[in-house]
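Just so we're clear, the structure is a prediction, and the values are computed from it rather than from any experiment. Just so it is clear, the values below take in all heavy atoms, side chains as well, and ignore hydrogens, waters and symmetry mates. Both ligands and their constituent atoms are indexed starting at 1 by order of listing.
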Amino acid sequence: MGRILFFLGLALVAWVLFKSWQRKQLGDKPGVGAQQKGNLGRKTQEEIMPCQHCGAYSPMSEGVMMQGRFYCGMEHAKAAGEKVH
Ligand SMILES: [Zn+2]
């Protein structure tokens, strides 16, 4: 009888471990999905700004911001007389 209880206990421990592992697996997936959604959201929210020198429109991440003015590249920031370090 004691032997059966021992195996029942063992099965219970295995079951609890399996359940917690399963919860971890399921819990990780929505987290990754939410992160990807956040990245996509940031991309679509990116502002397109006109260059103060040539007027070309570029996403903010591709250009440079100097003293509150946006330029499509470092060259145009320099050409417009910005102090580029
Ligand atoms: Zn430009």
Metal site angle (apex the Zn ion (ligand 1)), SG from C51 and SG from C72, 10 degrees: 110°

Neighbour count above 12 (heavy atom, 6.0 Å) for Q67 CD: no

Contact flag H53/the Zn ion (ligand 1), N/O/S atoms, threshold under 2.8 Å: no

Single-linkage hydrophobic cluster, 4.5 Å side-chain cutoff, M74 and Y71 together: yes

Least distance between heavy atoms, C54 atom then C51 atom: N-SG, 3.4 Å

Test log, rule side chain to side chain contact (heavy atoms under 4.5 Å, CB included), inputs E62 and C72: CA-CA 7 Å; E62 279 176 33; C72 65; over 6 Å; no

Atom nearest to the Zn ion (ligand 1) - H76, N, O or S atoms considered: ND1

